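Working notes for the structure below.
This one's a predicted model, so the numbers in the text were calculated from it and none came from an experiment. Order of listing sets the numbers, starting from 1, for every ligand and every atom in it.
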Amino acid sequence: MANLSRRDALKAVAVLPFAMRPAAAAEFTGLIVRQAAPENLEMPFASLADWVVPTERFYVRSHFPVPKLDAKDFKLVVEGHVANRLELTLDDVKKLGEGTRPLTMECAGNGRVFLAPAVRGLQWAHGAVGNANWTGLPLGAILDRAKPKAGAVDVVLAGADRGAIAADPATPGPIPYSRSVPIAKAKKDEALIAWGMNGGPLTPAHGAPLRAVIGGWFGMASVKWLNRIVVTDRPFQGYFQTMDYSFYTRPTGPDPETIPVTEMQPKAAIARPGPGEVLPAGRPVSVFGAAWAGEGKVAKVELSVDDGKTWTVVKPDTEPKPMTWVLWKHEWTPKTAGPAKLLVRCTDDRGQTQPEKRDPDRRSYAINHLIPVEVLVK
Ligand SMILES: Nc1nc2c(c(=O)[nH]1)N[C@H]1C(S)=C(S)[C@@H](COP(=O)(O)O)O[C@H]1N2
Ligand SMILES: [Mo]
């Protein structure tokens with residue numbers, strides 16, 4: 001690896017046929033397989049390099065097999081509590097407008113492998129998150145045409161993928177992947193219907209030909225292979241916001257209730273150095289990573305190299321924008337030999353900071369408590 005920078009090494013690996021890629025060094029393979037079928041792939045977070053994650057390195061989270069869809073006879077149906085039921089071809093949708101904007105998307109289960117005791121679900125480390133440039137139009141432009149009736153509450157986004165979930169709990173036979181957003185969120189600029197990613201068309205794994213991208217929210221609302229939008233006059237209670245992707249909440253009543261997981265939480269993660277790395281004392285090392293928040297933006301990133309006793313403010317390398325991450329870097333010269341615990345924490349522009357301890361009411365989602373990286377200084 002002598003003169004090859006990590007970035008160059010990644011590029012070199014990327015041009016090798018898949019079978020020739022080194023299998024053992026996880027950080028140099030394309031993606032980590034968390035489940036083979038359906039394919040669920042994680043970006044090795046140590047490989048983080050650019051503000052925009054290249055499409056072929058963007059994590060993939062799919063509950064069911066990728067549906068076979070032909071863009072030519074694809075239809076998007078918009079129905080339910082609307083004055084105008086719509087059936088749109090892909091061209092019809094594209095004619096309603098086009099724009100491109102970056103949005104960061106994180107799977108609600110990102111970081112699950114760090115939970116103790118272990119919980120069910122895909123065992124993501126830090127890499128089920130990415131930032132991409134999405135090309136499409138606001139969902140609101142389609143809703144304007146469909147004209148939701150008075151009393152509209154939720155906008156259900158349904159994908160063409162289907163399957164039965166066998167346990168925890170089982171579904172009543174095969175169901176499509178569907179998820180709702182409240183009408184107010186659906187009308188915001190950051191709720192997109194996209195057909196492009198990073199300058200190219202959406203790939204099948206990322207939802208071609210059409211998907212939702214709900215900025216500021218965890219990925220579960222960004223429905224892929226989107227072919228049906230249903231406006232409802234009462235809150236939607238589908239599987240993926242009740243049985244799955246829900247938290248416990250303790251409102252005024254005596255008992256916990258479940259509410260859907262929605263907005264991303266402030267979070268920062270260290271890409272490098274990695275856990276267990278040996279660092280020479282007296283020599284500077286770059287501590288590098290990303291930080292993101294929900295519907296707001298990142299206001300502050302702080303790094304601790306002494307397990308949280310002292311914190312240093314780290315300047316992000318780009319001006320924080322709403323609903324997108326920042327990359328940050330800090331040159332640290334470890335002085336004393338021995339183990340060191342690195343921690344990073346993010347505060348958003350509403351003053352919310354990552355919690356130190358895990359809140360069990362979040363079940364296995366929205367994992368943003370502080371997770372140390374332990375290194376050894378020699
Ligand atoms: N139709 C459909 N849409 C879906 C999913 C799915 O399984 N089916 N998974 C959701 C989840 S949980 C996440 S985190 C994001 C992941 O999007 P990506 O695979 O493009 O990264 O897609 C969401 N949209
Ligand atoms: Mo997810």
Could you check whether Arg228 pairs with Glu79 (Lys NZ or Arg NE/NH1/NH2 to Asp/Glu carboxylate O, under 4.0 Å)? yes
Among residues at least two apart in sequence or on other chains, which ones pass ring pair (Phe, Tyr, Trp, His ring centres under 6.0 Å) with His330? none
Please list, chain by chain and in numerical order, all residues satisfying salt bridge (Lys or Arg N to Asp or Glu O under 4.0 Å) with Arg112, sequence neighbours excluded. none
Residue set satisfying salt bridge (Lys or Arg N to Asp or Glu O under 4.0 Å) with Arg358, at least two apart, ordered chain then number -> none
Is there a donor-acceptor contact under 3.5 Å linking the side chains of Thr104 and Thr324? no
Contact table ligand 1 N or O to protein N or O, d under 3.5 Å:
{"from": "ligand 1", "atom 1": "1 (N)", "to": "Asp161", "atom 2": "OD1", "distance (Å)": "2.8"}
{"from": "ligand 1", "atom 1": "1 (N)", "to": "Asp161", "atom 2": "OD2", "distance (Å)": "3.2"}
{"from": "ligand 1", "atom 1": "1 (N)", "to": "Lys224", "atom 2": "O", "distance (Å)": "2.9"}
{"from": "ligand 1", "atom 1": "3 (N)", "to": "Lys224", "atom 2": "N", "distance (Å)": "2.8"}
{"from": "ligand 1", "atom 1": "7 (O)", "to": "His63", "atom 2": "N", "distance (Å)": "2.8"}
{"from": "ligand 1", "atom 1": "7 (O)", "to": "His63", "atom 2": "ND1", "distance (Å)": "2.8"}
{"from": "ligand 1", "atom 1": "8 (N)", "to": "Asp161", "atom 2": "OD2", "distance (Å)": "2.7"}
{"from": "ligand 1", "atom 1": "9 (N)", "to": "Arg61", "atom 2": "O", "distance (Å)": "3.2"}
{"from": "ligand 1", "atom 1": "17 (O)", "to": "Arg211", "atom 2": "NH2", "distance (Å)": "3.2"}
{"from": "ligand 1", "atom 1": "19 (O)", "to": "Arg61", "atom 2": "N", "distance (Å)": "2.9"}
{"from": "ligand 1", "atom 1": "19 (O)", "to": "Lys224", "atom 2": "NZ", "distance (Å)": "2.6"}
{"from": "ligand 1", "atom 1": "20 (O)", "to": "His206", "atom 2": "ND1", "distance (Å)": "2.7"}
{"from": "ligand 1", "atom 1": "20 (O)", "to": "Arg211", "atom 2": "NH1", "distance (Å)": "2.7"}
{"from": "ligand 1", "atom 1": "21 (O)", "to": "Tyr59", "atom 2": "O", "distance (Å)": "2.6"}
{"from": "ligand 1", "atom 1": "24 (N)", "to": "Ser222", "atom 2": "O", "distance (Å)": "2.9"}

Give a yes-or-no answer on whether the side chains of Glu331 and Ser286 include a donor-acceptor pair shorter than 3.5 Å. yes
